[in-house]
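Here the structure comes first, spelled out in structure tokens, and everything after it is commentary.
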There are 2 protein chains.
Amino acid sequence: MVEPERASGAAPPRYGARPTMKDVAARAGVGLKTVSRVVNGEPGVTPDTVQRVQSAIEALGFRRNDSARVLRKGRTASVGLVLEDLADPFYSSLSRAVEEVARDHGSLLFTGSSAEDPEREQELALAFCARRVDGLVIVPASQDHRYLQPEIAAGIAAVFVDRPAEQLEADAVLTDNAGGVREGVTHLIRQGHRRIAFIGDQRRIHTAGERLRGYRETMADAGLPVDESWVSMGPTAAERVQAEVTRMLQGPEPVTAVFAGNNRVSVTALRVLVNQPRPVALVGFDDFELADLLSPAVTVVAQDPARLGRTAAQLLFRRLEGETGPPQRLELSGRLIVRGSGEVAG
Amino acid sequence: MVEPERASGAAPPRYGARPTMKDVAARAGVGLKTVSRVVNGEPGVTPDTVQRVQSAIEALGFRRNDSARVLRKGRTASVGLVLEDLADPFYSSLSRAVEEVARDHGSLLFTGSSAEDPEREQELALAFCARRVDGLVIVPASQDHRYLQPEIAAGIAAVFVDRPAEQLEADAVLTDNAGGVREGVTHLIRQGHRRIAFIGDQRRIHTAGERLRGYRETMADAGLPVDESWVSMGPTAAERVQAEVTRMLQGPEPVTAVFAGNNRVSVTALRVLVNQPRPVALVGFDDFELADLLSPAVTVVAQDPARLGRTAAQLLFRRLEGETGPPQRLELSGRLIVRGSGEVAG
DNA sequence: GCCTTTGCTGACAACGTTGTCCAGCCCTAG
DNA sequence: CTAGGGCTGGACAACGTTGTCAGCAAAGGC
């Protein structure tokens, strides 16, 4: 492939075509600073002059270059959001909530999905920092956030959401994962289940570990043994989950209930369970759309992703407004929603 | 030289104390431009010097200020995405696809939801322009996009997706809405339905209008009269849709099938239909998760939001790379997925 | 009538980076 | 020994904006 010659002829689209305040000033016959004043609605300009400047702006199609403004002012009025997967309904609700709060504070939002890849998380977060976002909201994928230390020291606020930062003291807004699972598993035990499966996400993910802990503790507290073949942690790809559920339903002593560690697991598990000859109970972590319309309707431990996002973003902006104090850790509780699938007799 | 001890948390973060290339240069004992060269991996620096500069960067926690870079270079390596509602699964899949393409081209992504409000769309798009994004992907909410004319003239590329621009010649990537509805309605007619309802979004939304057109044309082509009480266009708030569906199922000659104009309508309509004494057929525009697990499973005309997003973003980057030529209009076709709910006898 | 105040305006530097250009330096060839 | 060339490194301007400060009228006070 041949590089287009730069020095000579064929130039890419011309950006010099953009009028600047200088151009506006020239056309309006005023000084540069006066244009700046008009554009920013600063006082101290005669109505007549304002009028002239505004016509010039209109005529030239001028729009202030916020990059230059940012450079001069220091604050960028933008925040970055790093999450796992924007296409996951859980995170898209969370994003939307963050976006809304940012908008209320006059900020724009950069978004990026880490795809659960630590390197990608870091790459995104640092790229946002290089753009000098005022703050970051992060759903962490990595195990070590020390790379953010210099950024935070330089004044970029960071709030972690859904999962805490690791190796770094930082604000975090979380759901009480273990507590939520405890509610769900207790519910299953009350229905008479004793052989309860737990299918979760990869162990290294904080929420997955916490949920597993909730499961083990609840079982132990109830005096129920846990056969290790009932526990499966790993990627939530449909094939794996499907295979695991299927496996657990075989043999002489199959599980009679499944606790699904997140919304993706619930959905995949469901697809297997509907084809079973005898009913198997299911309780899932995370609510999802239409859970109530399935038959049986799916009992879940619901998180409130919008509330997580909103709370995190609000905390971020409080920090940006100067709130000091040690890193906070807010924990929202989950809520058991009984719909039928968890009430199948054990 | 003794490093100031950072690790022990003794040092209070000094805000605004961000090191610049100048600081790095001073510390490394080299010139400013040499630091720039190292940071950008430009050739012509001795390995020894590179090493010195890199240690200084590390020690100071320097990160290049991309705002300044942007100002100097003209291109920002960022694009803006304006859509209707990030929390809607349709748009979140679309976003994710756009994000992925942007990433492949080394660009960051600004996102914003218009909430179907024309003013908000404009506000967002222009704010992105002020940040000098290289390009925009827009799901329009407004009826008049002339406000983008100066921006486009100044070199910002714009691609519309899902709905075309209005009052403006611009690239657009759409689904063949009328064609998709035609398939769905034809399917219902083949099942023997004569009284088919159409419930859609607000008329001013292009896709809603196109889908309605598809419905009317198909009915007309089949020689079936359309009673205006079977058609309802308006906001897709659950209450309204619920009321309309309920209304259409009453009276001496209730509809026997419902065509739902988008995924939100489908879901709401479903909630009403499951409670009906006699089965009512349903076909919806847009696929949605779990549609296949409901009973009956829901027959839909599926769009491919990820493909829409990907196609639009790819077109955008081709434009940014200099592809000229008149505005393109790409139309992807919808796909009827037969699952059961549309096969209820009429 | 002169001096002060007030209100409006513009010149200029600075933000942090990159592009241009030139000055050294070392090496080799004549 | 000198001229020329290749490398390396640095001084300086420029990107478009905003903050500072000074200039300059008109208005007001004595």
Side-chain angles (χ1 to χ4, degrees), chain A residues 6-7 11-12 14-53 56-57 60-77 129-132 134 154-155, chain B residues 15-54 56-57 60-77 127 129-134 154-155:
Chain A
R6 271 216 163 162
R14 304 235 336 174
Y15 279 81
R18 244 313 168 191
T20 71
M21 283 191 179
K22 203 167 134 191
D23 302 323
V24 174
R27 175 160 185 138
V30 301
L32 181 52
K33 181 65 211 205
T34 300
V35 176
S36 171
R37 275 193 270 260
V38 171
V39 168
N40 295 295
E42 288 170 26
V45 186
T46 347
D48 177 55
T49 312
V50 171
Q51 189 50 55
R52 264 210 330 281
V53 170
I57 288 177
L60 296 174
F62 166 80
R63 184 160 319 281
R64 181 178 63 197
N65 184 331
D66 276 0
S67 288
R69 175 169 220 249
V70 154
L71 178 59
R72 192 62 232 268
K73 303 204 73 146
R75 285 269 162 125
T76 60
C129 289
R131 297 298 171 97
R132 294 295 186 272
D134 300 326
Chain B
Y15 291 108
R18 190 104 213 187
T20 71
M21 284 193 179
K22 202 168 136 192
D23 302 323
V24 174
R27 175 159 186 142
V30 301
L32 182 52
K33 180 67 212 202
T34 301
V35 177
S36 171
R37 276 194 268 261
V38 171
V39 168
N40 295 295
E42 289 170 26
V45 186
T46 348
D48 177 55
T49 310
V50 171
Q51 188 51 54
R52 265 212 328 283
V53 170
Q54 268 166 353
I57 288 177
L60 295 174
F62 166 80
R63 184 162 317 282
R64 181 178 62 198
N65 184 332
D66 276 359
S67 287
R69 175 169 222 250
V70 154
L71 180 60
R72 193 62 232 267
K73 303 204 72 145
R75 286 262 165 136
T76 60
C129 289
R131 297 300 171 97
R132 294 295 185 270
V133 293
D134 298 327

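Quick caveat: nothing in here was measured; it's all calculated off a predicted structure. Atom set for the values below is all heavy atoms of this structure, side chains included, hydrogens, waters and symmetry mates excluded. So that the names make sense, note that chain A is the first sequence line, chain B the second, and so on, each numbered from 1.
- By the salt bridge (Lys or Arg N to Asp or Glu O under 4.0 Å) test, Asp66(A) pairs with Arg64(A), Arg131(B), sequence neighbours left out.
- Take Arg69(B) and apply the salt bridge (Lys or Arg N to Asp or Glu O under 4.0 Å) test, not counting sequence neighbours, and it matches no residue.
- Within the 4.0 Å cut-off from OP1 or OP2 of dT18(C), at least one side-chain nitrogen or oxygen of Arg64(B) is found.
- Between Leu71(A) atom CG and dG19(D) atom P the separation is 13 Å, expressed in whole Å.
- Atom CG of Leu60(B) is separated from atom P of dG16(C) by 14 Å (rounded to the nearest Å).
- For the helix from dG1(C)-dC30(D) to dG30(C)-dC1(D), the end axes, each set by the C1' atoms of five terminal pairs, are bent relative to each other by 60° (nearest 10°).
- In this structure, Thr20(B) and Asn65(B) have side chains that are not in contact, with every pair of non-hydrogen atoms separated by 4.5 Å or more.
- Here the side chains of Val53(A) and Ile57(A) are in contact, with some heavy-atom distance below 4.5 Å.
- Atoms CD (Glu42(A)) and P (dG10(C)) sit 14 Å apart, rounded to a whole Å.
- We find that CZ of Arg75(A) is positioned 18 Å from P of dC15(C), with the value rounded to whole Å.
- The distance from atom CZ of Arg132(A) to atom P of dC15(C) is 14 Å, rounded to the nearest whole Å.
- Evaluation of the side-chain contact (heavy atoms from CB on, under 4.5 Å) rule for Ala127(B) yields Leu108(A) as partners, not counting sequence neighbours.
- Atom CZ in Arg63(B) sits about 12 Å away from atom P in dT17(C), given to the nearest Å.
- Distance from the side chain of Asn40(B) is smallest for dT18(C) among the nucleotides dT17(C), dT18(C), dG19(D).
- Residues passing the salt bridge (Lys or Arg N to Asp or Glu O under 4.0 Å) test with Arg52(B) are Asp48(B), sequence neighbours excluded.
- Whole-Å rounding puts the Arg131(B) CZ to dG16(D) C1' distance at 15 Å.
- Applying the 4.0 Å criterion to OP1 and OP2 of dC15(C), one finds that Lys22(B) has every side-chain N and O outside that range.
- Qualifying salt bridge (Lys or Arg N to Asp or Glu O under 4.0 Å) partners for Arg63(A), counting only residues two or more places apart in sequence or in other chains: Glu151(B).
- Partners of Asp134(A) according to the side chain to side chain donor-acceptor pair (under 3.5 Å) rule, which considers only residues two or more places apart in sequence or in another chain, are Thr76(A).
- The list of salt bridge (charged side-chain N to carboxylate O under 4.0 Å, His left out) pairs with a residue in residues 24-40 of chain A, not counting sequence neighbours, is empty.
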Mark up nucleotides 6-14 of chain D, 5' to 3', with B wherever a protein heavy atom is under 4.0 angstrom from a base atom, S wherever such an atom reaches only the sugar-phosphate, and - elsewhere. --SBBB-BB
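- As a whole-Å value, the separation of Asp66(A) CG from dC15(D) P is 19 Å.
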